[in-house]
Amino acid sequence: MTAADDKKSEELMSLCKRRGFIWPSYELYGGIAGMYDYGPLGFSLRNNIVEVWRDIYKGREGFTEIDTETVNPREVFKASGHLDKFADKITYCTKCGAPFRADHLVKEFYSNPDTMSEKDLDQAFLDHNVVCPDCGGKLGPVEDFNLMFRTNIGPGSSRVGYLRPETAQGIFVNFLNLYRYNREKLPFGVLQTGRGYRNEIAPRQGMIRMREFNMMEVELFVDPEDKTWSRFDEMKDEKLTLLPNTGDETVEMTVGEAVAKHVVANEVLGYFVGTTKQFLVRLGVDPARLRFRQHRKEEMAHYAKDCWDAEALLSYGWTEITGIADRGCWDLTRHSEFSGADLSHFKRFDTPREEEVEKVKPNRKSLGPAFKGQSKAVAAAVEQAKPEDVKDGRLTVTVDGKPVELGSEMFTVIKTKEKVNGERIIPNVIEPSHGLDRIFYTVLEHAYSHDDAKDYTVLHLKPEVAPVKLGVFPLMEKDNLDVLAKQICASVHTARAAAVYDGSGTIGKRYARMDEAGTPWCITVDYDSLSGPQKDTVTIRDRDTAAQKRIAVKDVPQILDDLLTGRRQFTDL
RNA sequence: GCGGUUGUAGUCCAGUGGUUAUGACGGAAGCUUCCCAAGCUCCUGACCCGGGUUCGAGUCCCGGCAACCGCACCA
């Protein structure tokens, strides 16, 4: 991070506070690290980002959106693995009270201390005479410091709950509902936006690591044996900058090439890496400062089989803003195990198969006399056995916990034909997961420009995401100029396309305010608007070029609409 | 969490232990036919929190909180 980068992030943060994009939370009471509030402009920008995301995933892809609880019972995270894996082992010095990562204190003695249990670590302290690095005091018992916020559901402490660290689990626990809603067909996609919580030990870098943060997650349920994507052809020419985990060099290739060369594992993953690029660029992320980096094996989350991060180059360095993970069958398998529910998909074959199956059949005539009263249980055990269990003509089964060896006269291996209509499979999950706050910050940083010579700041936000679409000014706030300006402003202002009236200060100052807020266009009512040959016309100014055109007052709503939807460009006016 | 740096109006910054804390920008009211942060008048607004030292603390000391940088962490 250079001094210029420092300056840039500080100037941007100052602008964000001044203009009302974001404010550090609870500043009144001294502030809390890793928490930020969204001001009027910031919330609007954030909502616009979410709308673009919806347009792509609900609109183009036809996925469905749900909203689930942020407080989850303990069982959910026991099953998801977060309770065990999303924790650090921590110990406190009994003398000075300083906390330490227990696994870090013993890393010189063991190859992978992060897999050790609390008891192993306690013992390791004794075996290797590990004491407090600060004061030399005795270390206390090793505990789990879970990064999830814990709470109680209802009075007392009987039902333990946690604030979710990701929205994904709310989708997985609703799998059966969603599966039925989607007519029991694969693939289908579900999206959810909302808050997640991680009790970070040391939040850093402004909005990049927050304790309470916003996500936009998409969970895509696919057939594990069919990771093709029907609309892949539409995506195959999208260009990507990739950083595979096989080397340190970035490579430029299209989605189609990346999948063909197995750089990206399959079509689904490739399609959504491409989609993510389109999404981010549409928001205003600079393609030259965007790359996709594949996770190294040891870096992968406990649930992930493969993962590509979209990384943006910020003043903080390359920063993950979206992760596209292949979670495999981890989540559904685990929830199935822990809940006892069948979370599989019945995959019907195109035509039922006649399958020849080998089975072990008990020979009851021989079993009866040999085992008498026990023979029924033995026969049942034989029916459970598989042909490959037969060794040297003999079969060993377990009855009432004891092994029973049977001679070849006790059973027969037969071949039968069965009609099989399909098979049960656990769907795989592909997850494009977007860090909304990080994307928000990236959009701001990539839109930010500062002219050092003029000391002039412009946010080049894309009109689609800009919080305010139009500024409307009277040249002077008198002689009825203000009346017309207010009328024009009211005629176009809506909740989605905000127009702002400003009559305060000089005209240049008002343009400057709007440039700093990222407003793409401004309209000014002057004396020519009221009388003379140009009566009933106003000027419209383009933020990025400062160019002006004269347009008729009556055309303002239509022109603004055309500019916003991209039907017309400013230069065509 | 460790080490370093730093906390003064909305923002940026000045301030030898000693009156009512300097200024700029911003914001507000007004004047000026004012199209790119122009000028003028007037107003607004701050010493992060808690202890301590002292006759007296924005200033010195201790603790806390917060920010920035490096290390560590970041499923």
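Remember, it's a predicted structure, so these values are computed and weren't measured experimentally. Chain letters run A, B, ... following the sequence lines, proteins first, then strands; residues in each count from 1.
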Q: Starting at atom CE of A:M207, determine the distance to atom P of B:A67, rounded to an integer number of angstrom.
A: 13 Å

Q. Rounded to the nearest Å, what distance is computed from the CZ atom of residue A:R209 to the P atom of nucleotide B:C71?
A. 13 Å

Q: Answer yes or no: is there a donor N or O on one side and an acceptor on the other, between the side chain of A:R334 and the main chain of A:K78, under 3.5 Å?
A: yes

Q.
Quiz question: by atom type and distance under 3.5 Å, do the side chains of A:D437 and A:Y36 form a donor-acceptor pair?
A. no

Q) Who pairs with A:A546 by side chain to side chain contact (heavy atoms under 4.5 Å, CB included), at least two apart in sequence or on another chain? A) A:R541

(Q) How many whole angstroms separate atom OH of A:Y29 from atom C1' of B:C65? (A) 15 Å

Q) Which value, in whole Å, describes the distance between the C1' atoms of nucleotides B:C34 and B:C40? A) 14 Å

(Q) Whether the A:Q192 and A:T68 side chains hold a donor-acceptor pair (N or O, under 3.5 Å, no angle test) is what I'd like checked. (A) yes

Q. Rounded to whole angstrom units, what separation is found between the CD atom of A:E11 and the C1' atom of B:A67?
A. 17 Å

Q. Considering only the C1' atoms, how many Å lie between B:C49 and B:C36, rounded to the nearest integer?
A. 44 Å

Q: Let me know the distance between CD of A:E27 and P of B:C49, rounded to the nearest Å.
A: 13 Å

Q | NZ or CZ of A:R291 within 45° of A:W318 ring axis and under 6.0 Å | A | yes

Q: For A:N199 and B:C73, give me the distance from atom CG to atom P, rounded to whole Å.
A: 19 Å

Q. Can you tell which of A:V538, A:I507, A:D482, A:T506 makes a side-chain contact (heavy atoms from CB on, under 4.5 Å) with A:L475?
A. A:I507

Q.
Under 4.0 Å between a side-chain nitrogen and a carboxylate oxygen: does that hold for A:R510 and A:E477?
A. no

Q: Extract the stems that RNA chain B is part of, considering only consecutive pairing runs of at least three Watson-Crick or G-U wobble pairs, both distances under 3.5 Å.
A: B:1-7 with B:65-71, B:10-12 with B:23-25, B:29-31 with B:39-41, B:48-52 with B:60-64

Q. Can you find a side chain N or O atom of A:K17 that sits less than 4.0 Å from OP1 or OP2 on B:U11?
A. yes

Q. Which whole number of Å gives the distance between the C1' atom of B:G51 and that of B:A57?
A. 13 Å

Q | C1'-based separation of B:G26 from B:G45 [nearest Å] | A | 11 Å

Q | Length of the line joining A:R211:CZ and B:A66:P, which is rounded to integer Å | A | 7 Å

**Q.** Pairwise P distance, B:C12 and B:A67 [rounded to whole Å]
**A.** 15 Å

(Q) Need one value for A:G81: base, sugar-phosphate or nothing, where a base atom within 4.0 Å counts as base even if backbone is also close, heavy atoms only. (A) nothing

Q: State the CD1-CE distance between A:I49 and A:M216, to the nearest 0.5 angstrom.
A: 6.5 Å

Q.
Measuring only the P atom in each nucleotide, how far is B:U54 from B:C47? A whole number of Å is fine.
A. 26 Å

Q.
One character per nucleotide, please: for nucleotides 22-40 of chain B, 5' to 3', B when the base has a protein heavy atom closer than 4.0 Å, S when only the sugar-phosphate does, - otherwise.
A. ----SSS---SBBBBBB--

**Q.** Contact nearer the 5' end of RNA chain B, comparing A:H82 with A:A33
**A.** A:A33

Q. Using the P atom in both, what is the distance from B:G10 to B:U41, to the nearest Å?
A. 25 Å

Q: Could you check how far OH of A:Y316 sits from P of B:A67, rounded to whole Å?
A: 11 Å

Q: Could you measure between the two P atoms, the one in B:A66 and the one in B:C25, and give it in whole Å?
A: 35 Å

Q | From CZ (A:R19) to CG (A:L41), nearest 0.5 Å | A | 9.0 Å

**Q.** A:E445 and A:R289 ion-paired at < 4.0 Å
**A.** no

Q. Base, sugar-phosphate, or nothing for A:G34, non-hydrogen atoms under 4.0 angstrom?
A. sugar-phosphate

